[in-house]
Amino acid sequence: VHVFVSRFDYNLNTQVFVERPTDNKYLNTIGIRQIANSIRTHGTGIMNTTVNYTYQFLARKFVVFSQFLFDDHIKSRLVKDIRFYKSNRETLDNKYPFERAEKFNKD
C-alpha cells in the first residue's frame, strides 16, 4: 500500500489512479472499473486483508500528522493564521488567501 500511495495520485473527475510522472516512457493508470472487475474475478477474500492493512497504514499516517500539528512551532503558526483569518474574514470574503498559504508552506 505504501508503494502504491507514493507512486499514484487519484483523479476525482475521471475516478482513475494515475502514476506520477517518472523517466518511464509510459504512464500507468488504474480505473475504478478495473478494480471492481478484479474483485469480481478473484473474489472478495482479499478484501478483509486489504481493508485491515489500509486501516493500519492510515492510522500510522494520522498519528504522524497529529504529532506534526502539536509541534509547538507549527501550532503557534496555525494559531497566528487563525487569528488573522478571524479578524479579516469579511474582507477576505470567507476565503483564505492563496498567497498566505504559499508563504506558510515555504516557512
Side-chain angles (χ1 to χ4, degrees):
V1 171
H2 64 282
V3 173
F4 181 81
V5 169
S6 67
R7 290 187 184 170
F8 286 84
D9 290 325
Y10 186 68
N11 185 323
L12 282 172
N13 294 326
T14 59
Q15 297 206 354
V16 173
F17 290 98
V18 180
E19 187 178 26
R20 291 189 180 123
T22 60
D23 294 336
N24 295 341
K25 190 175 182 179
Y26 300 101
L27 187 67
N28 294 316
T29 62
I30 302 170
I32 296 298
R33 290 180 193 238
Q34 290 170 304
I35 294 171
N37 288 338
S38 179
I39 292 170
R40 272 189 229 110
T41 302
H42 302 290
T44 58
I46 191 85
M47 293 303 295
N48 192 32
T49 304
T50 305
V51 168
N52 286 336
Y53 189 83
T54 304
Y55 175 79
Q56 294 299 323
F57 175 78
L58 290 173
R60 286 191 305 269
K61 292 294 181 182
F62 277 116
V63 166
V64 171
F65 183 63
S66 177
Q67 290 170 346
F68 172 76
L69 289 178
F70 281 104
D71 179 77
D72 289 336
H73 178 70
I74 300 299
K75 190 175 181 179
S76 66
R77 181 63 197 269
L78 288 172
V79 169
K80 179 182 170 185
D81 278 2
I82 287 170
R83 274 190 254 120
F84 165 78
Y85 179 75
K86 283 183 179 178
S87 65
N88 297 302
R89 182 180 290 171
E90 290 79 27
T91 58
L92 296 172
D93 194 29
N94 287 327
K95 297 176 184 171
Y96 191 79
F98 183 76
E99 295 80 22
R100 193 164 175 103
E102 275 187 325
K103 184 176 181 274
F104 179 85
N105 198 23
K106 288 178 184 176
D107 292 344

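Predicted, not measured: the structure shown is a model, and the values here were computed from it. When a residue number appears, it is its place in the shown sequence, counting from 1.
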**Prompt:** So, Arg20 side chain and Ser6 main chain: donor-acceptor pair closer than 3.5 Å or not?
**Reply:** yes

**Prompt:** Using 30° and 60° as the class limits, which term best fits the ring planes of Phe8 and Phe4: parallel, tilted or perpendicular?
**Reply:** parallel

**Item:** Spacing of NZ belonging to Lys103 relative to NZ belonging to Lys106, to within rounding of 0.5 Å
**Value:** 10.5 Å

**Asked** OG/Ser38 to CD/Gln34 distance, rounded to the nearest 0.5 angstrom?
**Response** 9.5 Å

**Message:** For Asp72, I'd like to know if atom CG has over 12 heavy atoms of other residues, nucleotides or ligands within 6.0 Å.
**Reply:** no

**Message:** Could you see if Tyr53 belongs to whatever hydrophobic cluster contains Ile46? Use Ile, Leu, Val, Met, Phe, Trp, Tyr and a side-chain cutoff under 4.5 Å.
**Reply:** no

**Request:** Enter the distance from Asp71:CG to Ser66:OG here, rounded to the nearest 0.5 Å.
**Result:** 11.5 Å

**Request:** Working to the nearest 0.5 Å, report the span between CZ of Phe68 and CZ of Phe62.
**Result:** 14.5 Å

**Request:** Say whether, by atom type as modelled, one donor and one acceptor occur between the side chain of Asn11 and the main chain of Asn13 under 3.5 angstrom.
**Result:** yes

**Request:** Check whether any side-chain heavy atom of Tyr10 sits under 4.5 Å from a side-chain heavy atom of Ile30, and report yes or no.
**Result:** no

**Asked** Heavy-atom count around Arg7 CZ within 6.0 Å, excluding the residue itself: above 12?
**Response** no

**Item:** ILVMFWY cluster, Val79 and Phe70 together (side-chain gap under 4.5 Å)
**Value:** no

**Prompt:** Roughly how far, to the nearest 0.5 Å, is OG1 of Thr14 from CD1 of Ile32?
**Reply:** 9.5 Å

**Over 12 non-hydrogen atoms of neighbours within 6.0 angstrom of CZ in Arg33** = no

**Prompt:** Atom CD1 of Ile82 and atom NZ of Lys80: how far apart are they, to the nearest 0.5 Å?
**Reply:** 13.0 Å

**Prompt:** Less than 4.5 Å apart, any side-chain heavy atom of Tyr85 and any of Arg100?
**Reply:** no

**Prompt:** When clusters are formed by joining ILVMFWY residues with side-chain heavy atoms under 4.5 Å apart, either directly or through shared neighbours, do Val16 and Ile35 land in the same one?
**Reply:** no

**Message:** Listing request: all ring pair (Phe, Tyr, Trp, His ring centres under 6.0 Å) pairs with a residue in residues 87-107, at least two apart in sequence or in separate chains.
**Reply:** none

**Message:** Applying a strict under-4.5 Å side-chain criterion to I, L, V, M, F, W and Y, I'd like to know whether Leu78 and Phe84 cluster together.
**Reply:** no

